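For reference, the structure is listed below as structure tokens.
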Number of protein chains: 2
Amino acid sequence: MASAVSIRCFILGLLARQPMSGYDIKRFLKSLSWLIDSPSFGSLYPALHALLEGGLVTVEVIPRHDKPPRKIYSITETGGQVLREWMEQPVSSGISLKAFLMRLILASNFSHVGLLAHLRQRRVEVAAHQLALQQATEVMDEGTDLGERLAFDYVLAVATVELSWLDRTLDRLSQPPSPVEATQGNSATVTV
Amino acid sequence: MASAVSIRCFILGLLARQPMSGYDIKRFLKSLSWLIDSPSFGSLYPALHALLEGGLVTVEVIPRHDKPPRKIYSITETGGQVLREWMEQPVSSGISLKAFLMRLILASNFSHVGLLAHLRQRRVEVAAHQLALQQATEVMDEGTDLGERLAFDYVLAVATVELSWLDRTLDRLSQPPSPVEATQGNSATVTV
DNA sequence: TACCGCATGTAAACGGTTACATGATTAC
DNA sequence: GTAATCATGTAACCGTTTACATGCGGTA
């Protein structure tokens with residue numbers, strides 16, 4: 001598994017928001033290319049065909065004069081069920097950032113509690129990761145390779161900031177009211 | 001490309017440090033599993049065979065009584081050249097953390113200037129990434145999906161801490177002397 | 001006229017995992 | 001005795017990328 005989740009699930013989630021053509025999906029994913037690398041057509045179209053085959057989506061073919069017809073895909077009842085199951089399953093352990101982001105992007109379309117659960121799940125995993133990194137660095141002696149030490153330190157720094165972001169965000173999202181005086185977010189752009 | 005670099009290059013770099021068997025490599029990589037996921041035997045052994053085939057490594061077969069023989073792989077002259085070329089090439093643009101970490105781990109076995117160049121290269125890429133993320137978040141209006149906003153904010157927070165880590169580390173490594181009074185590293189474990 | 005965006009798709013290659021296959025040695 | 005570690009490898013499978021194939025419409 002390249003990212004434990006495969007784009008198929010993610011595409012399904014996007015179609016749950018609104019029906020789209022393959023090209024639309026590609027365009028949207030491209031706009032998120034700073035978060036997750038968008039799949040090529042070579043995997044996107046086959047993925048849609050597979051979803052269609054499995055009855056998780058339907059397609060409405062809109063023929064156009066002298067052009068290839070547009071194919072608008074919509075999620076089906078069964079597709080919705082599969083998606084819900086996927087979103088609710090305990091999140092493949094392991095700490096792939098991409099898999100987390102995919103679910104995060106979709107999560108707000110589901111329940112608020114689901115979103116919180118997802119963030120808490122990530123918190124647990126990052127905390128475990130951080131702990132392991134700390135233990136690994138403690139074992140190091142002066143003989144340890146410089147590159148290795150730097151690499152561990154780097155990843156540890158990232159894990160630490162991830163944790164504090166998660167804590168901050170969980171705080172904000174947990175106490176829903178008071179849109180007044182927002183807590184200063186790291187980028188000052190997220191207002192819940 | 002799964003990670004733009006393929007384990008083959010990385011293995012080659014590890015063999016440049018010291019000759020090892022496939023199993024040795026696996027053991028070492030496992031100890032770094034918190035940084036990069038270590039390959040399975042199913043890709044490790046074929047990778048070694050491929051390197052051997054290409055003349056980038058040699059193997060010394062050490063037969064042992066009634067056991068499978070150990071096979072100690074060593075890097076060759078040509079292998080060293082290929083490795084050097086790989087280390088010096090401008091680093092596949094794109095911002096794969098794994099690819100960066102692999103090179104970082106190997107970099108200290110090369111020149112000190114090479115290490116610095118590698119960190120600076122990363123700095124450039126992360127800075128560009130951060131800028132793009134900021135621009136993306138600025139475009140967002142209230143209509144923007146909550147999950148998307150959170151995802152961007154999350155990644156932005158990570159990019160920001162990466163940048164400050166890189167700056168801090170470049171500072172420390174650039175002025176080589178004065179091992180006295182170390183700058184407080186984030187984990188307090190990295191003393192250069 | 002030449003290129004870019006729209007819009008769909010296929011085929012070959014690649015890089016990797018999982019599961020399988022074998023078998024000795026050591027530690028509980 | 002049974003499980004884990006040492007030690008090597010192969011074969012089937014999976015998901016993805018790259019390159020190929022086609023063709024219209026707008027624009028620089």
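All values reported here derive from a predicted model rather than from experimental measurement. Order of the sequence lines sets the chain letters (A, B, ...), proteins ahead of strands, with each chain counted from 1.
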Transitive ILVMFWY cluster of A:V139 at side-chain heavy atoms under 4.5 Å: who else is in it? none

What is the distance from CD1 of B:I7 to P of C:dC14, rounded to the nearest Å? 15 Å

Using a 4.5 Å side-chain heavy-atom cut-off and chaining through intermediate ILVMFWY residues, the residues clustered with A:V113 come out as none

Distances for protein N or O near nucleotides 9-13 of chain D N or O, under 3.5 Å:
unit_1 : atom_1 : unit_2 : atom_2 : d
D:dG9  : OP1    : B:K71  : NZ     : 2.2

For A:S43, all residues meeting side chain to side chain donor-acceptor pair (under 3.5 Å), sequence neighbours excluded: none

Mind calculating the distance between CG (B:L44) and P (C:dG15) to the nearest angstrom? 15 Å

Quick one: list whatever passes side-chain contact (heavy atoms from CB on, under 4.5 Å) with A:D167, sequence neighbours left out. A:R123

Between B:Y154 and B:R149, a side-chain donor and acceptor under 3.5 Å: no

By side chain to side chain donor-acceptor pair (under 3.5 Å), B:E88 pairs with (sequence neighbours left out) none

Going by side-chain contact (heavy atoms from CB on, under 4.5 Å), name the residues that satisfy it together with A:P19, two or more places apart in sequence or in a different chain. A:I72, A:S74

For the helix from C:dT1-D:dA28 to C:dC28-D:dG1, measure the angle between the helix axis at one end and the axis at the other, each built from five pairs, rounding to 10°. 30°

Let's see if you can work this out: which of D:dG15, D:dT18, C:dT17 has an atom nearest to the side-chain heavy atoms of A:R8? D:dG15

Whole Å only: how far is the CE atom of B:M102 from the C1' atom of C:dG16? 12 Å

Residues which pass side-chain contact (heavy atoms from CB on, under 4.5 Å) with A:Q18, listed by chain and number, not counting sequence neighbours: A:M20

Exercise: do B:Q121 and B:E125 side chains pair donor with acceptor under 3.5 Å: yes

Could you pull out all residues at least two apart from A:L116 that satisfy side-chain contact (heavy atoms from CB on, under 4.5 Å)? A:H112, A:R120, A:L170, A:L173, A:S174

In whole angstroms, the gap separating C1' of D:dT8 from CG of B:L52 amounts to 14 Å

Which nucleotide wins on minimum distance to the side chain of A:R70, given the candidates D:dT18, C:dA7, C:dT17? C:dA7

Per the under-4.0 Å heavy-atom filter, residues of residues 13-31 of chain A near DNA chain C come out as A:S21, A:G22, A:Y23, A:R27

Please list every donor-acceptor pair under 3.5 Å in which a side-chain atom of residues 21-29 of chain A meets a protein atom from a residue at least two apart or in another chain.
unit_1 : atom_1 : unit_2 : atom_2 : d
A:S21  : OG     : A:Y23  : N      : 3.4
A:S21  : OG     : A:D24  : N      : 3.0
A:S21  : OG     : A:D24  : OD2    : 3.1
A:S21  : OG     : A:R70  : NH2    : 3.0
A:D24  : OD1    : A:R27  : NH1    : 3.2
A:D24  : OD1    : A:R70  : NH2    : 3.1
A:D24  : OD2    : A:S21  : N      : 3.1
A:D24  : OD2    : A:R70  : NH2    : 2.9
A:K26  : NZ     : A:P39  : O      : 2.9

